Number of protein chains: 2
Amino acid sequence: MSLKYAVLAALHEQPATGYDLTRNFRTRMANVWNASHQQIYRELAKMTEEGLLEVEEVPQESRPDRKLYRLSDAGTASLATWLAEPQGRPPTRDPLLVKLFGGDLVDPASLREEIERHRRNWQEELGRYQDIEAEYFSKPEQVPFRFRLQHLALRKGILAMEANLAWADEVAGVLKDELTSRP
Amino acid sequence: MSLKYAVLAALHEQPATGYDLTRNFRTRMANVWNASHQQIYRELAKMTEEGLLEVEEVPQESRPDRKLYRLSDAGTASLATWLAEPQGRPPTRDPLLVKLFGGDLVDPASLREEIERHRRNWQEELGRYQDIEAEYFSKPEQVPFRFRLQHLALRKGILAMEANLAWADEVAGVLKDELTSRP
DNA sequence: TCGCGCATGTAAGTTGTTACATGATTTA
DNA sequence: TAAATCATGTAACAACTTACATGCGCGA
């Protein structure tokens, strides 16, 4: 229902190519919206056809020409309308938690390894967010409102990763009990 | 990629009807896996055809007969195989955070209302999880391992909601600044 | 009597994933 | 010289959402 609006919001910030958007969704907006390049290119074509975007072809040598997309007036209007609507919450679908319902089929030792792997990923992701925070949002009082909003989006990612890491500790505690009492 | 395994895990715990699964996914497993009843009925039919599930029809008066599903041997084997595989992380797609990238098109006052609405939802959800925790998992040391694993899944939901609420406070702070300095 | 809970589904449409496809340039 | 980055896509498939559909019993 809204890769469309994620794209509109990203392009409202500044015009970009499909490649740029793909990179942004993977890095700076990783805790906001995920989308593969295939999805993005398809969506950009569709939205352009619908008149929400304008394209400027920027010729290049020895590479495919860049297609720089920006919002049309209709695109801006569509984004503004959407922004005024109340939004629902994203659905939760976590394969790792499904595992915990596997009961007697779950092997505690391999579960422990998996949790540690996830812990490392969460730690890395937290690090990346903290780097962005330090680089772009270190003076929160002096920054324009739109940057403060972006900072808040990032903060949600940071708090979520911290919660994940705290949870990993709880899991480690339970698994340690289990693995020492019944080795 | 794995409503299938969420269903297998739920049915491994105990046999259930589509209706039961729908209810579980909405309540006890709300922080684990979301699925609508339409999706679940369709998936149950497909999985039965694939030989992963067995159905027992339980006749009822004045209601449609219940179809009680349980794992076949193939279903148990399929779940066990899946449990041994490392799992990826769920993608993040949060419309509320997309809003924060709307920049000058975002109205701070209506954003504040929306955050407060989300806060109330998160608070309610946290309350439900805490009720479940108090009712089923209040004596963590004496409980069998599979219940401790389920408790951990619930704990992740609790920590996530607490992080959401802490974030709502941060947002409220920023919006208060903005709304008082430029009213 | 109105809405909720029980209990099942079908159909159409949208969104997301996975696999395939190309090719030059820069960096290690 | 191998891998990553830049830069674009198509096609097939799987998963998810939304709308439609039925009907009884129970409690407020």
Side-chain angles (χ1 to χ4, degrees), chain A residues 1-8 15-27 29-30 32-50 52-53 55-69 82 85 87-95 98, chain B residues 1-8 15-27 30 32-50 52-53 55-69 82 87-95 98:
Chain A
M1 174 208 117
S2 56
L3 167 58
K4 177 174 164 182
Y5 297 103
V7 167
L8 289 174
T17 66
Y19 192 85
D20 296 334
L21 289 172
T22 304
R23 199 179 344 79
N24 281 339
F25 283 157
R26 232 187 16 237
T27 55
M29 296 178 72
V32 174
W33 204 268
N34 286 166
S36 63
H37 81 271
Q38 292 90 336
Q39 230 189 319
I40 289 168
Y41 285 114
R42 175 151 44 72
E43 193 69 22
L44 287 170
K46 193 180 151 206
M47 290 169 70
T48 304
E49 207 178 325
E50 289 169 1
L52 299 169
L53 304 181
V55 203
E56 176 188 350
E57 298 221 16
V58 183
Q60 297 200 125
E61 291 163 24
S62 80
R63 284 177 200 284
D65 295 349
R66 304 177 80 223
K67 292 190 181 176
L68 192 67
Y69 291 89
W82 181 82
E85 290 165 7
Q87 297 305 318
R89 328 167 27 176
T92 306
R93 291 190 188 102
D94 190 337
V98 170
Chain B
M1 172 209 121
S2 58
L3 168 57
K4 178 174 164 183
Y5 298 102
V7 166
L8 288 174
T17 66
Y19 192 84
D20 296 334
L21 289 173
T22 304
R23 201 182 339 82
N24 281 338
F25 283 156
R26 234 187 12 239
T27 56
V32 174
W33 204 268
N34 287 167
S36 62
H37 81 271
Q38 291 91 335
Q39 231 190 317
I40 290 167
Y41 284 115
R42 180 149 42 70
E43 192 70 22
L44 287 171
K46 193 181 152 207
M47 291 169 70
T48 305
E49 207 177 324
E50 289 168 1
L52 299 169
L53 304 180
V55 203
E56 176 188 349
E57 297 221 16
V58 183
Q60 296 199 125
E61 293 164 23
S62 79
R63 284 177 201 284
D65 295 349
R66 304 178 80 224
K67 292 189 181 177
L68 193 66
Y69 291 89
W82 180 83
Q87 296 305 317
R89 329 166 27 176
T92 305
R93 290 189 190 102
D94 190 338
V98 171

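Owing to the predicted nature of the structure, the values given are computational and were not obtained by experimental measurement. Chain A is the first sequence line, chain B the second, and so forth, proteins listed ahead of strands; every chain is numbered from 1.
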Point to revise | Pairing residues for A/Arg63 by the side chain to side chain contact (heavy atoms under 4.5 Å, CB included) criterion, not counting sequence neighbours | key: A/Gln60
Study note, to complete from the structure: Across all chains, not counting sequence neighbours, the side-chain hydrogen bond (donor to acceptor under 3.5 Å, both in side chains) partners of A/Arg89 are B/Glu125
Point to revise | A/Asp65 CG - C/dA24 C1' separation (whole Å) | key: 13 Å
Point to revise | First encountered from the 5' end of DNA chain C, between A/Asn34 and A/Glu61 | key: A/Asn34
Check your understanding: So, is B/Thr17 close to the C/dT8 phosphate, meaning a side-chain N or O under 4.0 Å from OP1 or OP2?
Key -> yes
Exercise for review: Identify the heavy atoms of B/Pro95 and A/Trp82 that sit nearest to each other, and give their distance.
Suggested key: O-CH2, 3.5 Å
Point to revise | Any A/Lys67 side-chain N or O less than 4.0 Å from OP1/OP2 of D/dG9 | key: yes
Point to revise | Spacing of A/Met29 atom CE and A/Leu21 atom CG [to the nearest 0.5 Å] | key: 8.5 Å
Review point. B/Glu57 has an atom CD; how far is it from atom P of C/dA7, in whole Å?
Key: 14 Å
Point to revise | Whole-Å distance separating the NZ atom of B/Lys4 from the C1' atom of D/dA14 | key: 12 Å
Study note, to complete from the structure: Interatomic distance, OG1@A/Thr48 vs CD@A/Glu43, rounded to 0.5 Å, equals 10.0 Å
**Study point:** Upstream residue (5' side of DNA chain C) when B/Tyr69 and B/Pro91 are each assigned their closest nucleotide
**Key:** B/Tyr69
Point to revise | With B/Pro15 via side chain to side chain contact (heavy atoms under 4.5 Å, CB included) - residues at least two apart | key: B/Leu68, B/Arg70
**Study point:** Results of side-chain hydrogen bond (donor to acceptor under 3.5 Å, both in side chains) for A/Asp20 - residues two or more places apart only
**Key:** A/Thr17, A/Arg23, A/Arg66
Review point. Between D/dA21, D/dT8, D/dC16, which nucleotide gets closest to the side-chain atoms of B/His37?
Key: D/dA21
**Study point:** Distance, rounded to the nearest Å, where A/Gln39 contributes CD and D/dA11 contributes C1'
**Key:** 15 Å
Check your understanding: Taking only residues two or more places apart in sequence, or in another chain, which ones meet B/Arg93 in a side chain to side chain contact (heavy atoms under 4.5 Å, CB included)?
Key -> A/Trp33, A/Asn34, B/Pro91
Revision key, fill the gap. Interatomic distance, CE@A/Met47 vs CG@A/Leu53, rounded to 0.5 Å, equals 4.5 Å
Review point. Quick one: is D/dC16 close enough that its OP1 or OP2 comes under 4.0 Å of any side-chain N or O from A/Arg93?
Key: yes
Check your understanding: Is any side-chain nitrogen or oxygen of B/Gln38 closer than 4.0 Å to OP1 or OP2 of D/dT18?
Key -> no
Revision key, fill the gap. Students should find that the end-to-end axis angle of the helix from C/dT1-D/dA28 to C/dA28-D/dT1, with five pairs defining each axis and rounding to 10 degrees, is 60°
Anything under 3.5 Å between a protein N or O and an N or O of nucleotides 3-6 of chain C, put it in a table, one pair a line.
unit_1, atom_1, unit_2, atom_2, d
C/dG5, N2, B/Arg63, NH1, 3.2
C/dC6, OP2, B/Tyr19, OH, 2.9
C/dC6, O5', B/Tyr19, OH, 3.4
C/dC6, O2, B/Arg63, NH1, 3.1

Check your understanding: Got a sec, which residues hit side chain to side chain contact (heavy atoms under 4.5 Å, CB included) with B/Arg42, two or more places apart in sequence or on another chain?
Key -> B/Gln39
Point to revise | For atom CG of B/Leu21 and atom C1' of C/dT8, their distance in whole Å | key: 13 Å
**Study point:** Partner set under side-chain hydrogen bond (donor to acceptor under 3.5 Å, both in side chains) for A/Thr92, not counting sequence neighbours
**Key:** none
Practice item. Could you grab the distance from atom OH of B/Tyr5 to atom CG of B/Leu52, nearest 0.5 Å is fine? Key: 8.0 Å
Practice item. Specify the residues of residues 40-47 of chain A, ordered by number, for which at least one heavy atom lies under 4.0 angstrom from an atom of DNA chain C. Key: A/Arg42, A/Lys46
Review point. So, is B/Ser62 close to the D/dG23 phosphate, meaning a side-chain N or O under 4.0 Å from OP1 or OP2?
Key: no
